[in-house]
Undergrad: 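Handing you a structure now.
Just so we're on the same page: letters track the sequence lines, and every chain starts at 1. Quantities reported herein were computed from a predicted structural model and do not represent experimental measurements.
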Amino acid sequence: MHTRLTSVKAEMASSEHNPKPESGIRVFVRKRRLRKPQVITENIVKVEPQIITENIVKVEPQDQKFGSLPDIEEFAYKKPSISLPLRKSKPISNNNDKTEFKPPSDWVKILEGIREMRSLEDAPVDSMGCEKAGNSLPPKERRFAVLVSSLLSSQTKDNVTHGAIQRLLDNNLLNPETIDTADESAIQKLIYPVGFYTRKASNMKKIAKISLLNYHGDIPNTLEGLLSLPGIGPKMAHLVMNVAWNNVQGICVDTHVHRICNRLGWVPKTKTPEETREALQMWLPKEEWVPINPLLVGFGQTICTPLRPSCGLCSVNGLCPSAFQEATPKKKSRLKTELSES
DNA sequence: CTCCGGCCTA
DNA sequence: TAGGCGGGAG
């Protein structure tokens, strides 16, 4: 089932004439601001309090693959020689309910309906990633640009991210060598006003050093390697694996995908995007793993919004178990309306 | 669960 | 103008 080894090899072998280097830097940034998060959900069905007490650590037998990679050959496997906080990739508990969970039989219909809705109106996610910036670069530089772009993009509008990347590029600060020697304050100035620019500048320098010391100036080509980088969490790691390495290791789940999958009942009630990712990957065909993200992100920006979703505009509301469930909180709930409710 | 840092809107 | 936005980390 997991054919990563061959796929990566094939990708590396044919990376030059492969017609799908496609987007250089593609970052899906979503912005949605609505009302305040009123929590009026007394009629929301509370699903069973599922027990999540598994100590089963699922270790995927994967990623032992650098056998024939030209660039990173022996480097990829060396432990980082500098001591940086390794992220403890918290293993998602193996929930029993998932095995019993059966996906809706009409998920294809829902997907098609959402696609149709998405084709009608434009969501910010469609406008553009910042894919142009890295396209002209050689593969290795492009990959590094994808990584940095992903780092900067979290919670930053596309044009802001793109501007920052462009300024880095103009100042020759989009490669690990120059970033490593550059002043952190200079990087801060260049990437401003991206969100958390001080932290991201610091992370950029750390990543540059790790890249030089352990990856020959390239970026890690495994999920674990990417997750070990400061500032790179599950969402960005999967995004980078998809875009930079063209290697789909998992679904890139952000809050939109997380929220919508829960509303649709596509996953058992999940609390974190990581749990959603694992549950979704259990049944969603792999061909959909990549397109599901931009599809649901755009859908979540325009119709299936965080609160007050426009179920009336949704063409698949008849198939959604959560349609029209969330009553609009018109007043402050702190008045304890339930006391005088009659 | 909170903070981070800017930005945009109600 | 207060606070929502939202990935990552503590």
Undergrad: Roughly how far apart, to the nearest Å, are C:dG6 and B:dA10 at atom P?
TA: 15 Å
Undergrad: From the options C:dG8, B:dG5, B:dC7, select the nucleotide whose nearest atom is closest to the side chain of A:Met236.
TA: C:dG8
Undergrad: Without decimals, in angstroms, what is the distance between A:Gln155 CD and C:dG3 C1'?
TA: 14 Å
Undergrad: Answer yes or no: does a side-chain N or O of A:His256 lie under 4.0 Å from OP1 or OP2 of C:dG6?
TA: yes
Undergrad: Over how many whole Å does the gap from A:Phe196 atom CZ to B:dT2 atom P extend?
TA: 15 Å
Undergrad: With rounding to whole Å, what would you report as the distance between B:dG5 and C:dT1 at their P atoms?
TA: 22 Å
Undergrad: If you check the A:Lys157 side chain, which of B:dC8, C:dG8, C:dG6 turns out closest?
TA: B:dC8
Undergrad: Take A:Met204 and A:Leu151, measure what side-chain contact (heavy atoms from CB on, under 4.5 Å) needs, and give me the verdict at the end.
TA: CA-CA 8 Å; A:Met204 276 177 63; A:Leu151 179 73; 3.6 Å; yes
Undergrad: Under 3.5 Å, side-chain donor or acceptor atoms of residues 170-179 of chain A against the rest of the protein: list the pairs with distances, not counting sequence neighbours.
TA:
| unit_1 | atom_1 | unit_2 | atom_2 | d |
| --- | --- | --- | --- | --- |
| A:Asp170 | OD1 | A:Gln166 | NE2 | 3.2 |
| A:Asn172 | OD1 | A:Asn175 | ND2 | 3.0 |
| A:Asn175 | OD1 | A:Glu177 | N | 3.3 |
| A:Asn175 | OD1 | A:Thr178 | N | 3.0 |
| A:Asn175 | OD1 | A:Thr178 | OG1 | 2.9 |
| A:Asn175 | ND2 | A:Thr178 | OG1 | 3.2 |
| A:Thr178 | OG1 | A:Asn172 | O | 2.7 |
| A:Thr178 | OG1 | A:Asn175 | O | 3.2 |

Undergrad: Determine, step by step, whether A:Asp218 and A:Arg143 satisfy the salt bridge (charged side-chain N to carboxylate O under 4.0 Å, His left out) criterion, reporting the C-alpha distance in whole Å, the side-chain angles of both residues, the deciding distance to 0.1 Å, and the verdict.
TA: CA-CA 7 Å; A:Asp218 208 328; A:Arg143 287 191 290 270; 2.7 Å; yes
Undergrad: Taking 4.0 Å as the cut-off, does a side-chain nitrogen or oxygen of A:Thr198 come that near to OP1 or OP2 on B:dG5?
TA: yes
Undergrad: Kindly say if A:Thr255 contacts the phosphate of C:dC5, meaning a side-chain N or O under 4.0 Å from OP1 or OP2.
TA: no
Undergrad: Rounded to the Å, how far apart are A:Arg199 CZ and C:dG6 P?
TA: 18 Å
